[in-house]
Amino acid sequence: MLLSGVEHNLANGTHIRGDINILLIGDPSTAKSQMLRSIMSIAPLVINTTGRGASGVGLTAAVSYNVETNERTLEAGAMVLADRGIVCIDEFDKMGEIDRVAIHEVMEQ
């Protein structure tokens, strides 16, 4: 996307992704949120969320049940919707520990 490596498919079937994960850390009022807003205006596929309102289910995927039709459906979360794009999670420190653990597996894919 904006900053990435090269994807490789090896002869033995191993896939090496070229995508990288970036974590911005800084003191309060050091323009981290403004940098995320700038990225959202530049990149073609960006999903924005905050750690305060995000859950592991909302970021990955959720199974919903419709009582009327008696069906279950899988709803994509922010990280799935931004596949091959960028997910901006502001205030990551406000996210619960269990929710942070849930996205580690998605980040490795």
Side-chain angles (χ1 to χ4, degrees):
M1 181 107 316
L2 297 176
L3 182 66
S4 185
V6 178
E7 229 175 83
H8 294 286
N9 290 312
L10 303 179
N12 65 1
T14 303
H15 175 76
I16 300 173
R17 64 183 176 91
D19 303 327
I20 60 173
N21 300 310
I22 298 173
L23 176 64
L24 299 175
I25 300 174
D27 291 330
S29 300
T30 55
K32 297 179 300 294
S33 297
Q34 284 77 10
M35 186 177 293
L36 292 179
R37 283 191 210 109
S38 295
I39 291 169
M40 291 186 317
S41 67
I42 296 170
L45 175 59
V46 180
I47 302 291
N48 184 37
T49 186
T50 62
R52 183 175 295 145
S55 67
V57 171
L59 291 171
T60 55
V63 176
S64 63
Y65 179 71
N66 187 334
V67 181
E68 295 174 5
T69 61
N70 202 23
E71 293 179 336
R72 290 184 175 91
T73 57
L74 186 63
E75 297 180 12
M79 296 184 81
V80 177
L81 292 172
D83 186 31
R84 305 276 183 191
I86 297 174
V87 177
C88 295
I89 306 173
D90 199 8
E91 298 179 348
F92 196 76
D93 60 322
K94 307 280 190 300
M95 186 182 295
E97 182 66 30
I98 294 170
D99 299 325
R100 269 186 257 156
V101 170
I103 67 171
H104 289 162
E105 183 68 28
V106 178
M107 289 171 62
E108 291 178 3
Q109 297 302 318

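Since we're looking at a predicted model, the values are computed, not measured.
Residue Leu10 places its CG atom among more than 12 non-hydrogen atoms of other residues, nucleotides or ligands, all under 6.0 Å distant. With a 6.0 Å radius and a threshold of 12 heavy atoms from other residues, nucleotides or ligands, Met40 has its CE atom above the threshold.
With hydrogens and angles ignored, the 3.5 Å screen pairs a side-chain donor or acceptor of Lys32 with a backbone N or O of Gly26.
With sequence neighbours excluded, the residues forming a side chain to side chain contact (heavy atoms under 4.5 Å, CB included) with Glu7 are His15, Arg84, listed by chain and number.
The heavy-atom pair separating Asn48 from Cys88 by the smallest distance is OD1-O, 3.2 Å.
Taken from CZ in Arg37 to CD1 in Ile42, the straight-line distance is 14.0 Å, to the nearest 0.5 Å. Thr49 contributes atom OG1, which lies 11.0 Å from atom CG of Leu81 (distance to the nearest 0.5 angstrom). Distance check: Ile89 CD1 to Leu36 CG gives 10.0 Å after rounding to the nearest 0.5 Å.
The hydrophobic cluster containing Val46 also contains Leu24, counting ILVMFWY residues as joined when their side-chain heavy atoms lie under 4.5 angstrom apart, directly or transitively.
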Show me, pair by pair, the donor-acceptor contacts under 3.5 angstrom made by side chains of residues 71-78, not counting sequence neighbours?
| from | atom 1 | to | atom 2 | distance (Å) |
| --- | --- | --- | --- | --- |
| Thr73 | OG1 | Ser64 | OG | 2.8 |
| Glu75 | OE2 | Ser64 | OG | 2.8 |

